[in-house]
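In the text below, chain A, chain B and the rest are named by the order of the sequence lines, each starting its count at 1. The figures that follow rest on heavy atoms only: side chains count, while hydrogens, waters and symmetry mates do not.
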Number of protein chains: 2
Amino acid sequence: MNISEKINLTDTTPEDRSPEDRSMAIRETLRNAIIDRRLAPGTKLSESEVGSLFDVSRTVARAALQMLAFEGLVKTERNRGAFVSNPSPEEARQIFASRRLIEPGIVASAVERITPEDIAEFRRQLDEEERYLNERGPAARRAEIKASGDFHLMLASVAGNVILQRFMDELVARSSLVIALYGRSGVSSCGHAEHSAVLDALEKGDGERAAKLMIHHIDHIEADLDLQLKQGLGLKDALSLA
Amino acid sequence: MNISEKINLTDTTPEDRSPEDRSMAIRETLRNAIIDRRLAPGTKLSESEVGSLFDVSRTVARAALQMLAFEGLVKTERNRGAFVSNPSPEEARQIFASRRLIEPGIVASAVERITPEDIAEFRRQLDEEERYLNERGPAARRAEIKASGDFHLMLASVAGNVILQRFMDELVARSSLVIALYGRSGVSSCGHAEHSAVLDALEKGDGERAAKLMIHHIDHIEADLDLQLKQGLGLKDALSLA
DNA sequence: CTTGGGCAAATCGTATGCAATCTTGGCATT
DNA sequence: AATGCCAAGATTGCATACGATTTGCCCAAG
């Protein structure tokens with residue numbers, strides 16, 4: 001199967017494609033394709049394929065894949081290639097444990113720095129979320145998941161700590177993979193309401209409450225997963241390759 | 001100045017130098033050189049220099065530098081090269097803010113998983129710390145700083161969350177850079193006692209107290225820094241290049 | 001003496017070639 | 001029929017070559 005159909009090469013604007021750093025642009029495009037599930041876990045991303053897709057040499061394609069490997073979105077196997085990550089249930093648990101630790105802190109910072117303009121921006125974002133929520137079809141689903149993650153990333157951005165922001169970038173992206181693999185229900189139907197609630201608390205300056213709501217939100221997301229570890233077998237990776 | 005004298009190429013054992021992943025080994029060696037200050041902030045690390053030093057091509061040297069750039073230990077400037085990071089005071093604050101957020105959580109996980117064998121290992125580690133503390137000379141200083149960071153990394157390891165462990169890897173390494181730049185006193189003379197106190201609390205199973213001690217410990221480290229922000233100029237990077 | 005332009009050196013960005021390694025299909029053997 | 005083995009194909013790992021960009025120096029002009 002050719003992955004080219006799954007990748008929208010135009011979702012990075014042409015002029016951000018500055019004279020340089022094409023590998024960064026490729027990383028971004030692949031990242032987006034992965035987090036909104038156009039590229040399923042287990043998909044092979046060979047250097048030559050990626051390279052020819054973006055019309056660059058293997059060198060720069062490789063650089064992009066290395067970056068993705070570093071943030072845990074792809075796994076590379078020696079002399080075999082790069083594959084979209086297939087997080088284990090244990091990894092999933094650790095991802096959410098990390099989020100439970102970090103996000104309340106982000107909320108606490110955000111409540112002190114958020115501006116009315118930020119609030120308005122958040123409202124727009126939530127409206128968009130809701131719009132996708134009411135649409136049908138896989139495209140809307142994907143957009144909804146993406147938008148849902150963006151809420152958390154915007155929050156991290158408002159918090160103003162670029163290090164935590166990068167950590168959240170990684171955690172949100174990997175969460176999306178996990179949800180793709182282990183999610184059971186119609187995703188975050190509850191998620192939207194919870195996002196709103198967090199934002200309301202932030203607007204009132206009630207950081208305490210916002211943090212609590214955020215933890216509950218994360219709990220709910222994780223509770224919606226089916227993380228039975230039918231592990232113990234090393235071949236479960238092979239089985240989930242499909 | 002040649003950086004070769006500053007790098008101990010043998011500090012990775014020859015046989016861990018498996019048939020492959022030389023870039024990983026190079027990254028590790030450079031990392032160690034950076035975090036214990038043999039390579040000062042601002043030092044230029046050109047691809048060819050690193051390559052010839054480790055007797056590899058620029059390709060693999062470049063991969064190592066990319067990884068270091070990803071974890072914030074070096075900064076790369078387009079068409080100019082890679083330089084050991086020169087964290088700004090603001091970055092320093094964000095690093096410690098992140099640690100204040102993450103480390104208490106790590107302690108909380110660790111207290112539930114720590115074994116008597118772990119405790120013994122920690123004691124050994126603290127003894128080593130103390131030994132360096134009582135020695136004189138820059139080498140002992142460097143070793144002390146390294147050992148002090150290792151305490152936090154061991155804790156993360158015991159906590160059992162590989163994601164947080166990786167975050168801590170980055171934060172501890174960058175902290176070392178920050179201390180090198182902004183530290184004022186005889187480093188962690190107090191640090192050792194505080195490490196012991198945290199361990200004691202862990203041994204007693206008092207996670208609450210251990211977490212509090214850890215926060216105070218981080219506060220003390222940061223309080224020892226001189227983080228006056230004479231910023232506002234974009235060229236401050238150039239000034240601090242020395 | 002200072003300033004501006006231009007040339008040379010150094011360094012990075014990228015493409016490509018070759019060797020090593022892994023996978024796959026078929027064939028022989030049990 | 002099942003298993004083990006071997007050769008061919010494919011893919012990565014690495015090195016090197018070439019072009020682009022930046023830097024620093026030197027010299028000339030003011």
Side-chain angles (χ1 to χ4, degrees), chain A residues 1-4 9 12 16-30 39 42-70 73-85 234-235 237-239 241-242, chain B residues 1-4 12 16-30 39 42-70 74-85 234-235 237-239 241-242:
Chain A
M1 185 249 295
N2 201 324
I3 66 172
S4 57
L9 290 89
T12 56
D16 89 352
R17 190 165 292 310
S18 41
E20 67 98 5
D21 253 344
R22 296 182 284 176
S23 64
M24 206 59 117
I26 293 174
R27 161 179 173 251
E28 212 63 40
T29 303
L30 287 179
L39 292 174
T43 306
K44 178 176 172 70
L45 303 172
S46 80
E47 297 178 358
S48 18
E49 197 171 7
V50 172
S52 61
L53 247 172
F54 291 89
D55 206 57
V56 296
S57 76
R58 276 179 48 217
T59 305
V60 44
R62 184 184 184 82
L65 292 175
Q66 280 177 330
M67 289 192 273
L68 290 171
F70 222 87
L73 287 184
V74 312
K75 281 207 183 326
T76 66
E77 297 176 29
R78 163 120 195 144
N79 279 321
R80 296 235 324 122
F83 302 84
V84 179
S85 273
L235 70 157
D237 297 340
L239 295 177
L241 256 191
Chain B
M1 185 250 297
N2 201 324
I3 66 170
S4 58
T12 57
D16 89 351
R17 189 162 295 309
S18 40
E20 66 99 5
D21 253 345
R22 296 181 283 177
S23 64
M24 208 57 120
I26 293 174
R27 162 179 172 249
E28 212 62 40
T29 303
L30 286 179
L39 292 175
T43 306
K44 178 176 173 70
L45 303 172
S46 82
E47 296 179 357
S48 15
E49 196 171 10
V50 172
S52 61
L53 247 173
F54 291 89
D55 206 57
V56 295
S57 76
R58 275 180 48 213
T59 306
V60 45
R62 185 186 184 81
L65 291 174
Q66 279 178 329
M67 289 192 272
L68 290 171
F70 225 89
V74 312
K75 282 208 183 324
T76 66
E77 296 176 29
R78 165 119 191 145
N79 278 319
R80 295 239 322 125
F83 303 83
V84 178
S85 274
L235 67 157
D237 297 342
L239 296 178
L241 257 192

With a 3.5 Å distance limit and no angle check, can you tell me whether B:Lys44 reaches the backbone of B:Arg80 through a side-chain donor-acceptor pair? yes
Looking at every strand, decide which applies to B:Thr76 at a 4.0 Å heavy-atom threshold: base, sugar-phosphate, or nothing. nothing
Within this structure, what is the CD-to-P distance between A:Glu49 and D:dA10, rounded to whole angstrom? 14 Å
Counting heavy atoms from C-beta on, name the nucleotide in C:dT16, D:dG13, D:dT21 closest to the side chain of B:Asn79. D:dT21
Once you round it to whole Å, what is the distance between P of C:dT11 and NZ of B:Lys44? 6 Å
Touch check for B:Ser46, heavy atoms < 4.0 angstrom, all strands: base, sugar-phosphate only, or nothing? sugar-phosphate
Nearest 0.5 angstrom please: A:Arg62 CZ to A:Ser23 OG, how far? 13.0 Å
Looking only at side-chain atoms of B:Arg62, point me to the closest of C:dG13, C:dT14, D:dC14. C:dG13
Report yes if at least one side-chain N or O of B:Ser57 is closer than 4.0 Å to OP1 or OP2 of D:dA15; otherwise report no. yes
In whole angstroms, the gap separating C1' of D:dT21 from CD of B:Glu77 amounts to 14 Å
Mind checking the OG1-CD spacing from A:Thr59 to A:Glu47? Nearest 0.5 Å is all I need. 8.5 Å
Distance, rounded to the nearest Å, where A:Glu47 contributes CD and C:dA15 contributes P: 13 Å
Between C:dC22, D:dT22, C:dT14, which one does the side chain of B:Arg58 approach most closely? C:dT14
Inter-residue atom distance B:Ser48.OG - B:Leu53.CG, 0.5 Å rounding: 10.5 Å
Value in whole Å for how far the C1' atom of D:dG13 lies from CZ of A:Arg78: 6 Å
Round to a whole Å and report the spacing from CE of A:Met24 to P of C:dG13. 12 Å
Where the side chain of A:Val56 is concerned, which of D:dT11, C:dA15, C:dC12 is the nearest nucleotide? C:dA15
Would you say C:dA15 has OP1 or OP2 under 4.0 Å from some side-chain N or O of A:Arg22? yes
Rounded to whole Å, how long is the line connecting atom CD of B:Gln66 with atom P of D:dC14? 13 Å
Residue-phosphate contact under 4.0 Å: A:Arg80 side-chain N/O, C:dT23 OP1/OP2: yes
Inter-residue atom distance B:Phe54.CZ - B:Leu30.CG, 0.5 Å rounding: 4.5 Å
Given atom CZ of B:Phe83 and atom C1' of C:dA10, what is their separation to the nearest angstrom? 12 Å
